[in-house]
J.: 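I have a structure I would like to understand better, so I am pasting it below and will then ask my questions one at a time.
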Amino acid sequence: MKIRTRYAPSPTGRMHVGNLRTALYAYLIAKHEGGDYILRIEDTDQGRFVEGATEIIYDTLKGTGLIHDEGPDIGGPVGPYVQSDRVREGIYMKYAKELVEKGEAYYCFCDKERLESLAREVNGERIMTYDKHCLHLSKEEIEANLAAGKPFVIRQNNPSEGTTTFHDELYGDISVDNSELDDMVLIKSDGFPTYNFANVIDDHLMGITHVVRGAEYLSSSPKYNRLYEAFGWEIPKYIHCPTITNEEHKKLSKRSGHASYEDLIEAGFIPEAVVNFVALLGWSPTDNTEIFSLDELIHAFDYMHIAKNPAVFDMQKLRWMNSEYVKAMDEDKFYENALPYIKKVITKPLDLKRIAAMVKSRIEIYPDIPEMIDFFEELPEYSTDLYIHKKMKTTKENSLELLKEVMPILEGQEDWSNDALFETLKKFGEEKGYKTGYIMWPIRTALSGKQTTPAGATELLEVFGKEESLERLKKGIALLEA
Ligand code: GLU
């Protein structure tokens, strides 16, 4: 049988990392077996709908390369793929009524006040367990209420005795006492289905073989199984993915910067790196490989290796992973991506491509760039303490001497290329008996005014050109003399 998985987001805003992980795992499970990956938009909670959120879903799937085989935008054999469209087709109501016929569900006309009176406080949370009041209405009473246009919901009729067991591929068999199964609402008073009902109907009608979703749905799964059984439908394989926490083992939040895919991209992360990182939030390969392209993930992904314990979102690790993707990136592509960050701080006509190449192996994310290269635009004010370097054996005094000695040589230098400059300075060092670092450290400091630079002295000389270089070296001398 062909594997079919679905990603079923609700259009409520940006794509949370947990949702992206679900999308990715569902995709990988299908593609690993050459199966189909379906996109279904779950917009039955009209109150939570956010304008533009469906576009975010499409953009994120495109940006991450999780390309669906069927969905609202491309159609497919089991559409429509948007739940509100399916409501209009009467799909959910038809199946809800079928359950009512079978005695597996019932109309409930209880108003807010009555339901409120059933609520009780458990551990600071208000819990409402329905008391099956409307299950006992006579046929006539129901007919009369419906004819009078009284608002109603349709509830699942769960037994209050015995147990229900369901099987999750990772968690194994889980049994719950039926007394814990609330008669959950299947159809709301606005005629829309709840997630709890729609997911079962749609997963069945869409031929979903593997249901991949967050562990927060684990506790509701017995109720879903009862629905499958009531219809006499085959139960899909369930794969519930572990929760994701931040480094402090708390819920991911926007404030700590790891809430959504879009937040991460805005923070300067590369889509491929985010996908790679998210794949490892709860799944690991049999060896210790960490860098995976999407194709490699498809090949390696075995869902039985998904962990059950919570996954920790380690921002440092994501930064490291991103730096690996930056290093491996093609030069031209990197230049294109880095350019906006370079132009934030450099307006002078310098060789920006060269500057991009300098930072490529040194940054973790694009926003690291400006701080690393701002000295190209303008020499910062700096302390002459920077000239002191133990290993290079430089002091303020000998740096001043060195710069003074080197000045006339550079003034006479015709070929201002990195190689030629390096040769000249090396020769100078050999004649004087100076080590390379002893010469380069003061030059580099005078050129940049910084402790660390993305390139060595002669490379900086080349990028600045002769005029600007000599000017900065003179400033260095003046500063050291003062
Ligand atoms: N619409 C649900 C959500 O966004 C989907 C859960 C599921 O995958 O079944 O959380």
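In this text the structure is predicted, and so the values were computed from the model without any measurement. Numbering of ligands and ligand atoms starts at 1, following listing order.
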J.: Looking at E141 and K150, is there a salt bridge between them, counting it only when a charged N and a carboxylate O are closer than 4.0 Å?
T.: no

J.: With E262, which residues qualify under side chain to side chain donor-acceptor pair (under 3.5 Å), at least two apart?
T.: T60

J.: Salt bridge or not between D368 and R319? Use side-chain N to carboxylate O under 4.0 Å.
T.: yes

J.: Contact residues of ligand 1 with a heavy-atom cut-off of under 4.0 Å?
T.: R6, A8, P9, S10, E42, Y195, V212, R213, Y217

J.: Please list every donor-acceptor pair under 3.5 Å in which a side-chain atom of residues 115-123 meets a protein atom from a residue at least two apart or in another chain.
T.:
from: E116; atom 1: OE1; to: R126; atom 2: NH2; distance (Å): 3.2
from: S117; atom 1: OG; to: R114; atom 2: O; distance (Å): 2.5
from: R120; atom 1: NH2; to: T129; atom 2: OG1; distance (Å): 2.9

J.: Would you say the ring centroid of Y303 lies under 6.0 angstrom from that of H210?
T.: yes

J.: Got a list of side-chain donor-acceptor pairs under 3.5 Å for residues 199-209, not counting sequence neighbours?
T.:
from: N199; atom 1: OD1; to: R213; atom 2: NH1; distance (Å): 3.2
from: N199; atom 1: ND2; to: Y195; atom 2: O; distance (Å): 3.0
from: N199; atom 1: ND2; to: N196; atom 2: O; distance (Å): 3.1
from: D202; atom 1: OD1; to: R86; atom 2: NE; distance (Å): 2.7
from: D202; atom 1: OD1; to: R86; atom 2: NH2; distance (Å): 3.1
from: D202; atom 1: OD1; to: Y92; atom 2: OH; distance (Å): 3.1
from: D202; atom 1: OD2; to: Q83; atom 2: NE2; distance (Å): 2.7
from: D202; atom 1: OD2; to: Y92; atom 2: OH; distance (Å): 2.7
from: D203; atom 1: OD1; to: R6; atom 2: NE; distance (Å): 2.9
from: D203; atom 1: OD1; to: R40; atom 2: NH1; distance (Å): 2.8
from: D203; atom 1: OD1; to: R40; atom 2: NH2; distance (Å): 3.0
from: D203; atom 1: OD2; to: R6; atom 2: NE; distance (Å): 3.4
from: D203; atom 1: OD2; to: R6; atom 2: NH2; distance (Å): 3.2
from: H204; atom 1: NE2; to: W233; atom 2: NE1; distance (Å): 3.4
from: T209; atom 1: OG1; to: R4; atom 2: N; distance (Å): 2.9
from: T209; atom 1: OG1; to: R4; atom 2: O; distance (Å): 3.2

